[in-house]
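Letters go in sequence order (proteins before strands), and every chain restarts at 1.
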There are 2 protein chains.
Amino acid sequence: MPPNLDSSRAASSQSLGAYLKSARSALGLSLRAVEERTGKAVTNGYLSQIESGTVTQPSPNMLYHLAQVYDLDYGDLLLRAGHRIPHSDDTAQRGILAGFPMNALEELTESERRELLEYIAFLRSRRASSSR
Amino acid sequence: MPPNLDSSRAASSQSLGAYLKSARSALGLSLRAVEERTGKAVTNGYLSQIESGTVTQPSPNMLYHLAQVYDLDYGDLLLRAGHRIPHSDDTAQRGILAGFPMNALEELTESERRELLEYIAFLRSRRASSSR
DNA sequence: GCGCAATGCTTGCTCGACTAAGCAGACTCG
DNA sequence: CGAGTCTGCTTAGTCGAGCAAGCATTGCGC
């Protein structure tokens, strides 16, 4: 559960780093553990910069990954980073979860899920080494 | 109301510039007129870059100003620019299905996704053969 | 014709997000 | 005592957003 759901008028920009740091230590995760769980989307060095305030306004995408790992409210993080968030009404957001048969995942056990994540990480790392 | 509310299956990255350009010409505004109405937040040169596709991912703040001037849906612009938007109703939760961070799936390519499905099939078959 | 303002557009530059690679220190195990 | 690993952290460098200032063209009134 996100400790803070207030959202309208968040605690401005200053606290983002500290907020994320406390969230991480609350989960007892190392910088590299977080990097791992974001699928390398957020590197440990960069996370260190965010927490120390060297980087003050991470991109929405970065914040999204962190929100997932820490189980925090994404919109709240956006606000803390100084981004505007859309006025809530409906909003579509349809095609984002690229057509993937999600029910295929539901039956998996914990350990299987973990294996799967490792496999995804493998896919990602394989691609990372080839392109770019 | 935004002239275009279709949005399910957002055409993502490529169309943002053209979309904004048509929105502007629909209002009969010049680049500098828009710059003026955003309070200089979006300069005419930069807007030209966005419309031509030279800049592909303007920051949320820029998009917000444009949404204001053109009277477009801010969240929709965010999506078209490739930003994630918060699931407003409640919490991130949505991103995790059965304890599985779906965000891990989103960046995969078609072929990778297919590989992944095969791997899931393998997990399932392995379990089936053991017992249960 | 000559200005002159307004149009869209380009271009050199700054600045900050972000990466990749490394660092020193703390800890464990042989 | 190493050798290895894990921790947080730093730093040189790349990349792209965003700006200031200019460009060429069009169209107006004189």
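The terminal axes of the helix from dG1(C)-dC30(D) to dG30(C)-dC1(D), fitted over 5 pairs per end, subtend an angle of 10° to the nearest 10°.
At the heavy-atom level, Q49(A) lies under 4.0 Å from base atoms of the strands shown. Within 4.0 Å of S59(A), counting heavy atoms only, lie sugar-phosphate atoms of the nucleic acid but no base atom.
Distance CE (M62(A)) to P (dG16(C)): 18 Å, rounded to an integer number of Å. In this structure, L16(B) places its CG atom 13 Å from C1' of dA17(D), rounding to the nearest Å. If you take CG of N44(B) and P of dC9(C), they are 11 Å apart, rounded to a whole angstrom. dG8(C) atom P lies 18 Å from atom OH of Y46(B), rounded to whole Å. If you take CD1 of I50(B) and P of dC19(D), they are 9 Å apart, rounded to a whole angstrom. For the pair L47(B) CG and dT10(C) P, the interatomic distance rounds to 13 Å; values are reported in whole Å. In this structure, E51(A) atom CD and dT7(D) atom C1' are separated by 13 Å, rounded to whole Å. Atom pair H83(B):NE2 and dA17(D):P shows a separation of 9 Å (rounding to whole Å applied).
Contacts of E51(B) classified as side-chain hydrogen bond (donor to acceptor under 3.5 Å, both in side chains), with partners at least two apart in sequence or in another chain: R24(B). Shown here are the side-chain hydrogen bond (donor to acceptor under 3.5 Å, both in side chains) partners of S25(A), two or more places apart in sequence or in another chain: there are none. With sequence neighbours excluded, the residues that form a side chain to side chain contact (heavy atoms under 4.5 Å, CB included) with T43(A) are E35(A), Y46(A). When the side chain to side chain contact (heavy atoms under 4.5 Å, CB included) test is applied to S30(B), the partners found at least two apart in sequence or on another chain are R32(B), A33(B).
Contact record, H83(B) with P60(B): NE2-CD, 3.9 Å, taken as the closest heavy-atom pair. The shortest non-hydrogen separation linking A67(B) to Y74(B) is CB-CA, 3.9 Å. Between L77(A) and L63(A), the closest heavy-atom pair is CD1-O, 3.5 Å.
Considering only heavy atoms from C-beta on, T38(A) comes within 4.5 Å of V34(A) through its side chain. Side-chain contact check for L78(A) versus Y64(A): every heavy-atom pair is 4.5 Å or farther apart.
Residue T56(B) places at least one side-chain N or O closer than 4.0 Å to OP1 or OP2 of dA17(D).
Residues from residues 26-43 of chain B placing a heavy atom under 4.0 Å of any atom in DNA chain C, listed by number, are S30(B), L31(B), R32(B).
Considering only side-chain atoms of P58(B), the nucleotide from dT10(D), dG18(D), dA17(C) that sits closest is dG18(D). For R24(B), taking side-chain heavy atoms from C-beta onward, the closest of the listed nucleotides dC18(C), dG8(C), dC9(D) is dG8(C).
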